[in-house]
Amino acid sequence: MKVLPKDFYERDPALVAKELLGKILVRRLGSKVLSGKIVETEAYYGKNDPASRAYTGRKIFNELMFLDVGKAFIYMVHANWLLNIVAHLKNDVGAVLIRAIEPLEGIEIMRKNRKVEEIRNLTSGPGKLTKALAITKEQNGIDVAEISSELTIAEGKMESFEIGTSHRIGVKNDLPQELRFFIKGNKFVSKFS
DNA sequence: AGGAAGATCTACT
DNA sequence: GTAGATCTTCCTA
């Protein structure tokens, strides 16, 4: 398994978000491994992005977005933990939100964590996938570019797919550009449009 | 102390 | 398919 190197994340968030599609999110739980293909992401910037956690300036809770890239940045919204990966150019601010994955390994454990039978409903949303993979604030700040971490992102299979874009979901004040990216036709994308 | 937050579930028309 | 209640944390007053 090849883990994506740290410099993968040291680029424009929108570019990182787009290229994360098709990559494999790997969650290690003791001896168990849960994994899924990333099928939907969104990019967030810093000061000039009203929807960003970093919009109001650097605080303790959003500090990660200002620091090293390639770290998991996790926070709670509406009783759901949302998983972001810090990604931005040098000395800039930003992160990529993982919105949906397609389950590959450890589906039975995900079922147990989510208490849902239907596979399609297991990880097809940002709050759903964190629950299925047992991700909480405990994992905040984990280095996903490090192969020994309990949360990493690995190179996926070589395959081609069409990438769709749209405006970000649930955002009050969105930017003019489309910053949501998803694999066209994939059943695990949270919403269509 | 209060409210807002990048969502989800349920119960309907 | 769509609307509305409600899930929990952390910031801001």
Side-chain contact check for A:K137: nearest option of C:dC10, B:dT8, B:dA5 is C:dC10

For A:R58 and C:dC11, give me the distance from atom CZ to atom C1', rounded to whole Å.
-> 17 Å

Does A:D68 come within less than 4.0 Å of A:K6, counting only side-chain N to carboxylate O?
-> yes

Quickly work out the A:F73 CZ to C:dT9 C1' distance and round it to whole Å.
-> 13 Å

A:V77, nearest nucleotide to its side chain (from C:dT9, B:dA5, C:dT12) = B:dA5

B:dC9, B:dA5, C:dT9: which one has an atom nearest the side-chain heavy atoms of A:K172?
-> B:dA5

Is the charged tip of A:R168 near the ring of A:Y44: under 6.0 Å from the six-membered ring centre and within 45° of its axis?
-> yes

OP1 or OP2 of B:dA7 sitting under 4.0 Å from any side-chain N/O of A:R168?
-> no

B:dT8 phosphate, OP1 or OP2: any side-chain N/O from A:K131 under 4.0 angstrom?
-> no

Among B:dA5, C:dT12, B:dT8, which is the nearest nucleotide to the side chain of A:T56?
-> C:dT12

What is the distance from NZ of A:K115 to P of B:dC9, rounded to the nearest Å?
-> 12 Å

In whole angstroms, how far is the C1' atom of C:dC11 from the CD1 atom of A:I60?
-> 10 Å

The single option from A:K184, A:E178, A:Q177 passing side chain to side chain contact (heavy atoms under 4.5 Å, CB included) against A:T165 | A:E178

A:M76 side-chain proximity, nearest of B:dA7, B:dA4, C:dT8 = C:dT8

Return the nearest nucleotide to the side chain of A:L82; candidates are B:dA7, C:dT12, C:dT9.
-> B:dA7

Heavy-atom nearest nucleotide on DNA chain B taken for A:V171 and for A:R114; more 5' hit belongs to A:V171

Does atom NZ of A:K32 have more than 12 heavy-atom neighbours from other groups under 6.0 Å away?
-> no

Protein-nucleotide distance (A:I74, atom CD1; C:dT8, atom P), rounded to Å | 18 Å

A:K128 atom NZ is separated from C:dC7 atom C1', nearest whole Å, by 15 Å

With a 3.5 angstrom cut-off on both distances, give the Watson-Crick or G-U wobble partner of C:dC7, or none if there isn't one.
-> none

Kindly point out which of B:dA5, B:dA7, B:dC9 is positioned nearest to the side chain of A:I169?
-> B:dA7

Look at the side chain of A:A79 and decide which nucleotide, out of B:dC9, B:dA5, C:dT8, has an atom nearest to it.
-> C:dT8

Within 45° of the axis and under 6.0 Å from the centre of the six-membered ring of A:Y9, does NZ or CZ of A:R11 qualify?
-> no

In whole angstrom, give the distance that lies between atom CD of A:E42 and atom P of B:dA7.
-> 8 Å

Rounded to the nearest Å, what distance is computed from the NE2 atom of residue A:H78 to the P atom of nucleotide C:dT6?
-> 13 Å

